[in-house]
Amino acid sequence: MTEPIVTRFAPSPTGFLHIGGARTALFNWLYARSRGGRMLLRIEDTDRERSTKAAIDAILEGLHWLGLEWDGEAVYQFSRAARHQEVVQELLDSGNAYRCYATPAELEEMRERARAEGRSMRYDGRWRDRDSSEAPAGAKPVIRLKAPTAGETVIEDQVQGRVVWQNKDLDDLVLLRSDGTPTYMLAVVVDDHDMGVTHIIRGDDHLTNGARQKQIYEALGWPIPVMAHIPLIHGPDGAKLSKRHGALGVDAYRAMGYLPIAMRNYLVRLGWAHGDQEIFSTEEMINAFDLPQIGRSPARFDFAKLESLNGHYIRQSKDEDLVEEIIRVLPHIADGAELAAKMTPNLKAKLIAAMPGLKERAKTLIELIDGARYLYADRPLVLEEKAGALLTPEARKLLASLARELATIQPWTAEATEQAVRTFAESNGVKLGAVAQPLRAALTGRTTSPGIFDVLAVLGKEESLGRLADQSA
RNA sequence: GUCCCCAUCGUCUAGAGGCCUAGGACGGCGCCCUCUCACGGCGCAAACCGGGGUUCGAAUCCCCGUGGGGACGCCA
């Protein structure tokens with residue numbers, strides 16, 4: 001038997017869980033689930049200045065919402081500082097690390113000069129072979145890795161393939177800051193090792209870090225995890241994702257009315273494909289997912305496709321489930337409280353009854369809520385501009401006489417009302433649309449509602465006639 | 001500047017030397033369905049970045065160019 005797979009998602013809580021992070025989490029989750037392994041969660045909060053509780057909560061909640069559950073307790077990196085320092089001492093003892101007394105100003109000047117002379121801006125190793133006794137009195141050193149200066153560092157990446165760096169191009173990175181706290185580069189290696197992580201799947205902005213981290217693993221004599229660096233997601237314009245396009249927190253996508261299952265389906269197809277298949281159930285995704293099939297070029301974020309997928313899943317959802325989703329999203333959207341306050345069992349039943357007619361034409365939960373407005377809006381109904389235009393004096397007269405016709409209908413069904421309206425239009429010598437459209441406007445206040453016969457059925461005889469009376473008076 | 005990665009329709013992608021007059025999906029356009037809007041059905045337009053090789057044969061392999069992207073912090 002092969003060893004169990006352990007993946008991890010390791011966000012830094014300096015902001016919300018953005019779309020790229022969500023995809024990274026999804027890939028880690030899928031990989032672990034597909035091989036019967038585990039996905040761990042580690043919060044990289046060693047930057048005390050920028051890490052916030054709010055960001056941690058947003059990340060945790062975002063993962064929950066997306067249905068990406070991790071295994072075990074979340075690990076907080078900051079709490080492991082003592083262990084990190086212990087490992088650095090080991091490195092110091094084995095001669096794989098050294099104290100560097102160069103000041104920030106000195107380093108800044110060094111980079112400045114390198115830039116001016118067109119050389120790479122690496123640390124030049126000025127304290128690599130100097131003794132601490134040469135240090136200025138009272139100076140607090142950083143600890144740097146004594147990285148190899150010759151040969152090469154190679155990563156056999158599951159996505160990128162074999163990537164080679166000349167060691168002379170890699171400098172001696174800082175392991176411990178002058179205040180004694182560990183840097184990200186060191187903490188990641190120690191934590192991944194201690195947590196038993198076997199596969200590191202992360203954004204390809206970490207590819208160079210991968211090489212540097214491999215040097216730390218080698219200095220420590222630890223086994224190196226399998227790495228997979230996935231391409232970043234770009235905005236519609238091909239540039240780095242900014243707030244303007246897709247770099248919103250996942251909570252923003254929830255607020256826009258997207259379903260978790262649609263998000264997962266959209267995200268998994270960004271940079272990954274399984275033949276021509278577009279729609280994946282979660283189970284299918286898990287079964288088909290693999291690292292080498294991930295493309296190496298960055299993908300652009302496309303709202304239109306996300307929306308199309310979301311529409312697909314809305315249409316496919318059960319009516320009851322959709323109403324539950326609506327209720328669940330209410331606290332997260334503007335004006336949601338208003339509807340939430342009106343959510344009686346009666347309204348809920350009406351919403352469920354209206355779903356079949358509504359879900360065919362909604363791409364988001366928001367559109368669904370909007371389309372159902374005729375069920376919960378205060379009366380008198382406020383008409384949309386276009387709807388108002390439809391209710392000409394002639395149309396109102398027509399509707400008034402239609403109301404008298406409808407009042408005689410015996411079993412109030414969609415079929416019966418349709419028959420009555422058609423007959424009415426015919427006997428008045430007008431097209432069905434000439435009656436149906438003003439009727440929709442009068443009953444729903446809008447022009448693009450569901451089929452008017454569905455509306456009549458859902459509202460019921462009494463309410464339908466009441467509203468007709470309101471608008472045709 | 002140095003190092004690294006990438007390059008098929010507008011977008012996501014299929015394609016692992018002949019199956020490609022390059023396939024699917026989203027978007028666009030047209031037609032059908034139809035009480036509106038959608039859904040659904042049918043159809044159309046739309047791509048192998050450029051140049052050299054290798055080969056009987058290249059979207060697929062190699063090199064160069066060009067164009068994108070990422071990394072070069074006592075941030076993560």
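Quick note on labels: first sequence line is chain A, next is B, and so on, each numbered from 1.
Between A:L68 and A:F9 the shortest side-chain heavy-atom distance does not fall below 4.5 Å.
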request  = Let me have a per-nucleotide readout for nucleotides 29-49 of chain B, 5' to 3', with B, S or -, counting only protein heavy atoms under 4.0 Å.
outcome  = ------BBBSSS---------
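The pair A:R42-A:D194 fails the salt-bridge criterion, with no side-chain N (NZ, NE, NH1 or NH2) lying under 4.0 Å from an Asp/Glu carboxylate O.
At B:A76, one or more side-chain N or O atoms of A:T46 fall inside 4.0 Å of OP1 or OP2 (strictly under the cut-off).
The closest side-chain donor-acceptor pair between A:T153 and A:N167 falls under 3.5 angstrom. Looking at A:Y98 and A:D172, their side chains do bring a donor and an acceptor atom within 3.5 Å of each other.
Looking only at distances, no side-chain donor or acceptor of A:R467 sits under 3.5 Å from a matching main-chain atom of A:D470.
B:A14 is unpaired under the criterion used here, namely a Watson-Crick or G-U wobble arrangement in which both key atom distances are under 3.5 Å. Across all strands shown, B:C35 forms no Watson-Crick or G-U wobble pair with both distances under 3.5 Å. Figure legend. B:C72 is base-paired to B:G1; pairs are counted as Watson-Crick or G-U wobble with both atom distances under 3.5 Å. Across all strands shown, nothing is found opposite B:U54 as a Watson-Crick or G-U wobble partner with both distances under 3.5 Å. Across all strands shown, B:G27 has no partner, as no Watson-Crick or G-U wobble contact with both distances under 3.5 Å is found.
The side chain of A:H234 lies closest to B:G69 when the candidates are B:U13, B:C74, B:G69. Taking every side-chain heavy atom of A:R269 into account, B:G24 is the closest of B:C74, B:G70, B:G24. Distance from the side chain of A:V142 is smallest for B:C74 among the nucleotides B:A25, B:C74, B:A7. Of the candidates B:C6, B:G24, B:A76, B:G24 carries the atom nearest the A:K305 side chain, counting heavy atoms from C-beta on.
Contact of A:D204 with B:A71 (side chain to base): no donor-acceptor pair of N or O atoms is detected under 3.5 Å.
Looking at heavy-atom distances under 4.0 Å, A:L173 makes no contact with the nucleic acid at all.
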Between the protein and nucleotides 2-4 of chain B, are there any N/O to N/O pairs under 3.5 Å, and if so, what are the atom names and distances?
none

